[in-house]
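We name chains A, B, ... by the order of the sequence lines, and we start the count at 1 in each one. Reckoned from all heavy atoms, side chains included, excluding hydrogens, waters and symmetry mates. This structure is a prediction, so every number in the text was calculated from the model and none was measured.
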Amino acid sequence: MKSNRRKFLKTSAVSAASFQIVPRHVIGGQGHTPPSETYGAALIGCGGRGPGTYERMVKDLPSKLVAACDVQKSRVDGYVKRKNPKAKTYNDFRKLLENPDVDLVAIATPPHWHALISIAAAEAGKDVLCEKPMTRFIAEGRAVVKAFERYKRIFQIGTFGRFGAFRSSTSRTIHKIMRSGLLNPNSGVHIKKGGLKLHNWSGKPGLKPQIPSEDLDWDLYCGPSPFKPYVPPRVGGTHRNYWDYEGGGMCDMGQHHFDPQQWIYGKDDTSPVSIEAFAPPSHPDVTGMWAWIELTYSDGFTFVMDSNEWGPGYDRKKSKQVSLSQLSEKDQEKIKAMPDPEPLLSFGEAVKQRKPAGGHPEAAHRAACILHLANLAIRLGRKLQYDPDKEQFIGDEEANRFLNVPMRSPWHI
Amino acid sequence: MDIQPYLDSFPLPANRGILSEINKEKTEKSVREAMQNPELVASELVKRLLDPGAEGNDIQARHLLHTMAVRIPNYDKKLKGDIRAKFSLVLARALSENYPDRVKAFIIRQLQICGGGEVVPAIGAFLIVNGIADDAAQALIAIRKNSAEQFRNALPKIKNNLSLYRNILHGLAELEDEGSKDFFIEALESEDEGCRLLGLWGLVQIADSSTLELFLKAEQKEKGYSRIKSTSYCFKFAEKLPKKEALKIYRHLKDTRTSTHEKYILEIVEIELAS
């Protein structure tokens with residue numbers, strides 16, 4: 001029996017706001033740290049952003065690194081040696097998640113692992129701070145949302161711009177206008193010009209395969225993604241250049257920029273309905289060039305990405321901020337009378353209060369959808385019509401194949 | 001047919017080895033022209049594909065072939081014809097020729113994008129071939145139409161090969177194949193933890209209430225991470241069943257998740273039982 005999407009969203013919003021399950025460590029018992037002491041914390045993915053992600057997770061929480069994991073042994077060993085030599089080390093995240101001393105998990109692997117590890121961590125009763133982008137494709141995000149709803153765990157995406165946005169009274173006013181539905185049709189346009197690192201995170205095709213070092217579990221690194229011959233840039237920060245793992249600068253930087261904008265413009269529970277790109281044909285393996293993408297929501301509000309690094313600049317619409325002056329005087333009064341939105345909770349506060357974090361799964365998923373839809377418009381070379389409730393393209397079966405990409409056995413969402 | 005001008009319009013790596021010098025106008029013109037004879041162009045492009053690491057370069061050939069695979073479904077709709085199927089069949093026929101495995105894997109990945117029921121048998125043949133079987137499985141899962149039969153037919157041939165067996169169970173579970181109920185049940189008895197989990201997941205996917213007792217009996221034997229996963233399968237199964245049977249699962253969890261490390265599960269179960 002499949003649940004109705006709208007009903008599910010409504011139900012999940014209510015239950016997310018009201019759940020009060022006590023964290024595992026507070027329950028106590030054999031093998032658990034008493035609440036007066038510390039949270040057991042773990043890091044999965046110890047290279048690159050890993051240590052920073054971990055520190056962000058444990059900020060404001062009394063905690064201790066009890067476990068760390070990486071598919072590259074030298075990286076996990078090096079990290080633990082620096083941070084806490086007594087922490088347990090793992091090569092396989094599944095073994096780490098069995099560890100009952102772990103309460104909190106920071107995930108800083110490449111994104112093709114984000115959803116699967118987040119889901120497994122929730123199933124193991126852990127709270128999660130996961131690096132951005134949240135996912136590699138759209139169906140993964142919905143699965144993460146459902147898992148955290150089912151297990152009533154805390155999730156925060158690893159980008160924090162929305163907390164700053166919340167502190168701005170202008171942003172809060174725009175948020176209220178957008179959520180009120182009084183501005184429909186909506187002619188607002190937000191343009192992100194530059195900053196999406198096309199050249200930085202474009203891949204090098206045609207490299208000669210090499211044998212991976214014995215230190216690296218290449219099979220586990222590939223995980224749910226296709227098993228491809230190893231070339232060095234597939235590992236490390238340059239993983240971003242491969243469709244198998246991420247989605248170029250769009251996915252690297254996009255969630256940083258669009259996550260707060262999505263909150264400001266009140267779109268945390270929906271997605272664009274029309275997506276069009278100006279881009280040349282995309283390479284099958286590596287990310288590359290594009291000029292602009294226009295994403296329009298059902299009320300007419302538009303997000304634009306203008307790469308400013310390749311091709312013509314975007315000139316279809318001009319940037320137009322949403323403001324009170326676009327409403328009638330009567331409607332302006334209604335907005336002024338509306339209470340401010342609920343404050344966004346940091347990960348630490350969310351864990352302590354057992355309430356959703358500011359970057360909760362649904363919001364993080366919808367922000368990731370913006371990036372995935374933009375990348376799909378680039379890759380497919382056609383204008384796409386999207387149903388944000390069903391999370392499917394309309395009348396385009398082949399495009400839908402990119403929304404739920406089959407994984408390599410035994411992995412599945 | 002000389003496809004070299006089309007290839008020449010696609011870029012080779014420029015500075016820093018990336019495709020930054022791509023020209024939209026030129027590449028789009030080549031794609032439009034290639035789409036006038038998609039079958040011929042596809043058969044020529046396939047000949048240019050190289051095993052990764054071999055002398056020469058096939059960067060442009062891969063780029064153009066992929067672009068055609070991505071775009072041909074839309075061309076097909078515009079023309080109301082069957083060029084998508086014809087193009088896909090050209091690629092499918094190449095799979096029976098003497099190309100390196102990684103070339104065949106690339107072709108299968110293009111069929112994952114554009115192929116339909118017409119190419120399913122050609123891809124299905126690779127479910128029993130080590131090294132390409134997972135490419136074939138993922139393509140078949142994406143295509144879906146008529147795919148389950150390929151997995152079912154391959155199963156008896158690979159029972160002694162653990163990775164191929166897992167690959168097929170995984171595919172049948174992804175496809176929610178009700179005709180594979182007995183395969184999933186059989187997998188519950190496997191000595192391999194991965195196969196047992198795939199068997200459990202397969203039963204959840206088809207959500208046949210007649211398998212519930214078997215499912216519950218099998219799932220409670222799992223330990224460690226497998227127990228974490230089998231618990232999640234219990235929840236998913238319960239969500240798919242009518243309330244009366246769902247309650248049976250929640251009561252089962254209440255009776256079996258008694259370790260101090262599983263208190264968080266009991267809390268969820270209590271909420272479900274009270275609802």
Side-chain angles (χ1 to χ4, degrees), chain A residues 1 3 21-24 27 29-32 94-95 97-98 100 119-120 123-125 147 150-152 198-199 202-209 226-227 229 241 278-286 288-289 291 310-311 379-382 396-399 401-402 405-410 412, chain B residues 10 13 16-20 22-24 27-28 31 52-53 57-59 62-64 66-67 70-71 73-74 102 106 109-110 112-114 134-135 137-138 141-142 163 166-167 169-171 173-174 194 197-198 201 224-225 228-229 231-232 235 239-242 260-261 263-265 267-268:
Chain A
M1 289 192 300
S3 63
I21 287 213
V22 181
R24 281 183 342 122
I27 295 165
Q30 196 175 18
H32 287 277
R94 291 170 289 195
K95 289 289 170 197
L97 293 178
E98 290 175 359
I119 291 166
E123 290 169 348
R150 185 179 290 126
Y151 281 87
K152 300 175 179 28
L198 268 69
H199 284 80
S202 279
K204 300 174 181 178
L207 298 178
K208 194 168 183 170
F227 187 82
N241 308 345
F278 187 94
S282 178
H283 188 272
D285 287 334
V286 296
M289 300 294 117
W310 182 91
R379 295 176 75 184
L380 294 168
R382 52 189 181 260
D396 196 336
E397 189 239 320
E398 289 82 6
R401 293 182 189 182
F402 287 78
V405 181
M407 293 179 170
R408 198 158 64 105
S409 169
H412 65 85
Chain B
F10 277 77
R16 298 175 50 238
I18 65 175
L19 302 178
S20 52
I22 191 165
N23 182 307
K24 182 172 168 68
T27 49
E28 296 288 4
V31 174
N57 107 63
D58 63 352
I59 294 169
R62 283 178 182 245
H63 203 158
L64 176 56
H66 175 70
T67 303
V70 162
R71 297 195 182 181
N74 209 40
R102 293 319 301 169
F106 178 77
R109 291 294 178 179
Q110 306 320 300
Q112 180 172 332
I113 296 165
C114 67
D134 57 346
D135 298 289
Q138 287 149 58
I141 293 165
S163 69
R166 283 184 192 154
N167 193 44
L169 283 174
H170 177 265
E174 279 284 8
L197 282 180
L198 287 167
W201 178 50
Y225 177 80
I228 292 167
K229 287 313 286 186
T231 305
S232 81
F235 284 121
E239 288 166 15
K240 288 183 165 189
L241 293 176
T260 52
H261 307 324
K263 282 185 179 174
Y264 71 102
I265 294 166
E267 292 194 18
I268 302 165

Among all residues two or more places apart in sequence or in another chain, which pass the ring-ring contact (aromatic ring centres under 6.0 Å, His included) test with B:Tyr225?
-> none
Does the side-chain contact (heavy atoms from CB on, under 4.5 Å) test come out yes or no for B:Ile113 and A:Phe402, once each step is laid out?
-> CA-CA 8 Å; B:Ile113 296 165; A:Phe402 287 78; 3.9 Å; yes
Using a cut-off of under 4.5 Å for heavy-atom pairs, which of [options] has the most such pairs with chain B?
options: A:Ala291, A:Pro205, A:Pro226; result: A:Pro205
options: A:Gly381, A:Ala147, A:Gly311, A:Gly203; result: A:Gly203
options: A:Glu397, A:Lys95, A:Glu123; result: A:Glu123

Are the side chain of A:Arg401 and the backbone N or O of B:Gln112 linked by a donor-acceptor pair below 3.5 Å?
-> yes
Can you tell me if B:Arg16 uses its side chain to pair, donor with acceptor, with the backbone of A:His199 under 3.5 Å?
-> yes
Can you say whether [X] sits under 4.5 Å from chain A via the side chain, the backbone, both, or neither, judging by heavy atoms?
X: B:Asp134; result: side chain
X: B:Pro13; result: side chain
X: B:Ala137; result: neither

Going by an N to O cut-off under 4.0 Å, is there a salt bridge joining A:Lys152 and B:Glu267?
-> no
For the residue pair A:His412 and B:His170, categorise the inter-ring angle as parallel (less than 30°), tilted (30 to 60°) or perpendicular (more than 60°).
-> tilted
Parallel, tilted or perpendicular for B:His63 and A:His283, by the 30°/60° rule?
-> perpendicular
If we only count heavy atoms from C-beta on, is the [X] to [Y] side-chain gap below 4.5 Å?
X: A:Pro406; Y: B:Glu174; answer: no
X: B:Ser20; Y: A:Met289; answer: yes
X: A:Pro280; Y: B:Glu28; answer: no
X: A:Arg94; Y: B:Lys229; answer: no
X: A:Met407; Y: B:Gln138; answer: no
X: A:Pro410; Y: B:Trp201; answer: no
X: B:Ile22; Y: A:Trp310; answer: yes

Is the count of non-hydrogen atoms from other residues, nucleotides or ligands lying under 6.0 Å from B:Lys24 atom NZ greater than 12?
-> yes
Of the non-hydrogen atoms in A:Pro281 and B:Thr27, which two are nearest, and what is the gap between them?
-> CD-OG1, 3.2 Å
With a 4.5 angstrom heavy-atom cut-off, is it the side chain or the backbone of [X] that approaches chain B, or both, or neither?
X: A:Pro229; value: side chain
X: A:Asp396; value: both
X: A:Ala120; value: both

Out of curiosity, [X] [atom1] to [Y] [atom2], how far, rounded to the nearest 0.5 Å?
X: A:Glu98; Y: B:Ile228; atom1: CD; atom2: CD1; answer: 6.0 Å
X: B:Thr231; Y: A:Tyr151; atom1: OG1; atom2: OH; answer: 6.0 Å
X: B:Arg71; Y: A:Arg382; atom1: CZ; atom2: CZ; answer: 9.0 Å
X: B:Asn74; Y: A:Leu380; atom1: CG; atom2: CG; answer: 9.0 Å
X: B:His66; Y: A:Asp285; atom1: NE2; atom2: CG; answer: 8.5 Å
X: B:Ile18; Y: A:Ser202; atom1: CD1; atom2: OG; answer: 4.5 Å

Please name all residues satisfying salt bridge (Lys or Arg N to Asp or Glu O under 4.0 Å) with A:Arg379, sequence neighbours left out, ordered by chain then number.
-> none
